[in-house]
Amino acid sequence: MKLGKIAVVAVVAAAGLVAPGSAPALAHGGGEPPRDPTAVGRGGAVSTVDPTATAVGLEVLRRGGNAVDAAVAAAATLGVTEPFSAGIGGGGFFVYYDAKTRRVHTIDGREAAPRAMEEDAFLRADGTPMAFQEARVSGISAGVPGSLLTWKEALRKWGSRSLPAALAPAAEVAQRGFTVDATFRQQIADNQAQFAQFSSTRDLYLPGGQPPTVGTRFRNPDLADTYREIARHGTDVFYEGRIARDIVSTVQNPPVAADPAVPWEFPIRPGEMTLADLDRYDVRFPAPTRSDYRGYTIYGMSTPSSGGIAVSEALNILEQFDLSDMTVVEALHHYLEASALSFADRNRYVGDYTSRRLIQQLLSDRFAAERACLIDPANALAKPVAPGNPDGRYGDCATAAAVADGNPGQSTTNLTVADKWGNVVEYTLTIEQTGGNAMVVPGRGFLLNNEMTDFNFIQTPGAPPDPNLPAPGKRPRSSMSPTIVFDDGKPFLALGTPGGATIITTVLQMLVNRIDLGMTLPEAMAAPRASQRNSAAPQAEPAFITAYGADLTALGQPTFVSTPELGAATAIEFTRHGMIASAEPARRGGGAAGVVRPDKSH
C-alpha cells in the first residue's frame with residue numbers, strides 16, 4: 001500500500017500544500033515511502049499503519065501545515081489505502097492538544113443510529129438475536145457516518161488548511177493507485193464471501209472474482225471523484241446532496257449481486273436510514289476524561305467511547321500497587337486483574353447516555369481503591385467478576401449485578417501526529433468490522449460502516465437495564481481509546497490503536513510497559529500482548545503465552561486463547577531532545593513512523 005516518493009510530493013503539491021518554487025523534499029532517490037517502525041528527530045512527527053499516509057502527513061508538516069492539517073490529510077489517505085478499516089463511510093474519535101492554550105479538546109465523530117432504529121433492531125421475528133454476520137451484512141448495521149464532519153470541524157477550529165487541500169492528496173493516491181501488499185489482499189480474502197454478495201463491492205475488490213494479486217496496482221477512481229466532489233461542493237453534498245442520496249439508497253436497497261459466487265447463509269436485510277438522518281447528524285465536543293497516574297496526567301475520550309473511562313479506571317486501580325517493585329509476571333497479573341475489573345464496570349455502566357456524575361465516580365480514586373481491594377497478588381479472581389458500586393460511598397469490596405458485553409468490533413485504524421509548535425493529535429477512526437457492512441456505495445468507492453452492531457442486541461433477562469441497547473439517534477458504545485499523557489503539564493506520550501474491545505487493553509498494557517516496567521517506547525510497542533476483558537477465556541499473542549502463560553496460570557489466571565496479534569498501535573513520545581515516533585514493527589504488516597528532521601545519530 002505504497003506510493004513512490006516522487007508521486008507523494010506530486011500528490012501534496014496538487015493539494016496546494018507545496019510552496020511555489022520550493023524543492024520537493026521527498027523527491028530525492030525515488031522509490032517508495034519507507035516503512036520504518038521508529039523515527040527520532042524534531043520538527044514534527046507522524047505515525048500511522050501505512051507508509052503512504054505517513055508520507056502525506058509528513059509532507060504537510062514540512063510545507064508549514066500544523067498537526068491537524070497533517071492528521072486530516074493522513075486520515076483521508078488511510079481511507080484509500082486502508083479502506084477496510086476506515087474512511088468517509090465511518091466515524092471516530094479525535095483528541096487534540098492545543099499548545100497555545102495548553103488545553104485538550106475532543107471531537108466525537110461516532111456514527112449515530114437512524115431515527116427509525118429501536119431496541120429490537122437486531123432481533124429476528126421470533127425475538128431471538130441475530131447472528132453477528134447476519135446483522136453485520138445488512139443495511140441495518142450502518143450508522144450515520146461522522147468522519148467527514150470530524151475532518152471539517154477539526155480544520156475549522158484548529159487547522160491552517162482547508163478541507164479541499166486536505167482531501168487532494170488522498171484523491172491523487174486513489175486516482176494514481178498504490179501497490180497491493182499482503183495485508184490488503186488478505187483483508188479482501190477474509191471478506192470474500194461477504195464482498196461477493198454486492199455488485200459494487202465485487203466489482204471494486206474482487207476483479208475476476210478474486211482478490212487483487214500482491215504487487216499489482218490498485219486504483220479507486222470512484223473514490224477519487226467522490227473526494228473531489230466534496231472538495232468542490234463542501235460537506236453538504238455528503239450530508240444533504242447527491243452523495244447522501246446514494247448512501248441512503250445503498251442502505252435501503254442493498255446492491256445485492258444477481259449471481260453471487262458464494263451463497264450467503266442469511267437474508268440481506270435493508271436498513272431504514274433516511275436523508276433526514278444524514279442532514280441532522282452533527283459531531284459533538286465532549287470534555288475529555290482526565291485522571292492522574294504516578295505523577296502523569298492522562299487525557300482520553302469520553303462517552304460514547306468507553307476507552308477513556310476504562311483505561312483510566314484500570315490505571316487508578318493499578319496505582320494502588322507498586323508495579324515497579326514486582327517481577328514482570330506479578331505486574332502482568334495485576335494488569336490483567338485491573339483490566340477485568342474495569343471491564344466489568346464498563347459493561348455495566350457505560351453507554352452513550354451515561355451521566356457526567358456517574359463518569360466522575362467511575363474515575364474516582366476512592367472507587368478504584370474499593371475495586372483494588374479485590375485483587376489477590378497470589379490468586380486471580382474467578383472470571384467474569386461482578387461490577388462495583390460507584391455510588392460515592394466507598395470502603396469495602398462491594399459488587400453489583402453484571403451485564404454481558406456486546407459484539408466487540410474487530411478493525412479500526414489509528415494515527416498520531418505532532419507538529420513543531422507542540423500541537424498533538426491522537427485520532428482513532430473506523431468502519432467497525434474489517435470491511436464494514438461489506439457494501440460499497442455504487443459509483444462512490446467507499447464502504448459503509450457496520451457500527452450499529454456495537455450495540456448490544458438484547459436486554460439480558462433479569463439483569464439491570466443495559467446502557468448499550470439500540471435507540472433512535474443513539475451512538476453505540478466504543479472501545480476506541482485515543483490517549484495523550486502529560487508530565488508536569490507538557491505532552492509526554494500520545495498513543496492509540498485499533499483492535500475492537502482489545503483497544504482498551506492494548507493502550508493500558510503499553511502504558512504499563514512504558515511507565516511501570518521501564519521499557520522504551522519501541523520496546524513497549526513491540527512487547528507481546530494479552531487482553532483480559534472480564535472473560536474466562538482471555539486472549540494473548542503466542543509470544544506472550546510462551547513467555548508468561550505458565551507462570552500466570554500458576555497465579556490462577558485462566559488459560560489464554562492464542563490469537564495471532566492484538567492491535568496495531570501508533571505513538572509519539574516527547575523528549576528534551578525532540579520526538580520519538582513509533583509504529584508496529586510487525587503487527588498488521590508493520591506501521592510507518594517518520595519525523596520532519598531526523599536525528600542522524602539514531
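Positions are given from 1, in the same order as the sequence printed here. Values reported hereafter were calculated over all heavy atoms of this structure, with side chains retained and with hydrogens, waters and symmetry mates removed. All values reported here derive from a predicted model rather than from experimental measurement.
Side-chain N/O atoms of Q532 and E337 include no donor and acceptor closer than 3.5 Å. In the model, N191 has no side-chain atom that pairs as donor or acceptor with a side-chain atom of Q187 under 3.5 Å. Side-chain contact annotation: T570 with T48, donor-acceptor N/O pair under 3.5 Å absent. Side-chain contact annotation: E426 with N414, donor-acceptor N/O pair under 3.5 Å present. Donor-acceptor pairing under 3.5 Å is recorded for the side chains of T505 and S531. Residues S312 and S291 bring a donor and an acceptor atom of their side chains to less than 3.5 Å of each other. For the residue pair R533/Q539, the side-chain donor-acceptor check at 3.5 Å is satisfied.
Annotation for V311 and L508: closest pair O-CD1, 4.2 Å, computed over non-hydrogen atoms. Contact between V68 and A154 at its shortest, heavy atoms only, is CG1-O, 3.5 Å. The two atoms that bring T54 and G594 nearest to each other are CG2-N, 4.0 Å, heavy atoms only. Taking each heavy atom of T520 and R514 in turn, the nearest pair found is C-CD, 4.0 Å. The shortest heavy-atom contact between I572 and A418 is CD1-N, 3.7 Å.
Under the 3.5 Å distance criterion, the side-chain polar atoms of D599 are left unmatched by any main-chain donor or acceptor of V40. In this structure, the side chain of S85 does not engage the main chain of T430 through any donor-acceptor pair within 3.5 Å. Within the 3.5 Å criterion, the main-chain N or O of A586 finds no donor-acceptor partner in the side chain of E584. Although no hydrogens or angles enter the test, the distance criterion places a donor-acceptor pair under 3.5 Å between the side chain of R477 and the main chain of V350.
Aromatic ring orientation, F84 versus F184: tilted (interplanar angle from 30° to 60°).
Separation of atoms CZ (F492) and OG1 (T575) is listed at 10.0 Å; rounding is to 0.5 Å. For the atom pair CE of M439 and CG of N437, the computed distance is 4.5 Å after rounding to the nearest 0.5 Å. Interatomic distance, M510 CE to S582 OG, rounded to the nearest 0.5 Å: 6.5 Å. Rounding to the nearest 0.5 Å gives a distance of 9.0 Å between OG of S342 and CG of L315.
L448 has its side chain out of reach of I431: every pair of non-hydrogen atoms, C-beta onward, lies at least 4.5 Å apart. Counting heavy atoms from C-beta outward, S306 and I309 have side chains that stay 4.5 Å or more apart.
Applying the side chain to side chain contact (heavy atoms under 4.5 Å, CB included) test to D322 and every residue at least two apart in sequence or in another chain returns S324, D325. A76 meets the side chain to side chain contact (heavy atoms under 4.5 Å, CB included) test with W151, L167, A170, Y227; sequence neighbours excluded.
Between Q557 and the choices L381, L336, V329, D551, the side chain to side chain contact (heavy atoms under 4.5 Å, CB included) rule is met once, by L336.
Between F486 and Y97, a ring centre-to-centre spacing shorter than 6.0 Å is recorded.
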Identify every side-chain donor-acceptor pair in residues 558-566 under 3.5 Å, counting partners at least two apart or on other chains, and give the distances.
| unit_1 | atom_1 | unit_2 | atom_2 | d |
| --- | --- | --- | --- | --- |
| E565 | OE1 | R588 | N | 3.0 |
| E565 | OE2 | R588 | N | 3.1 |

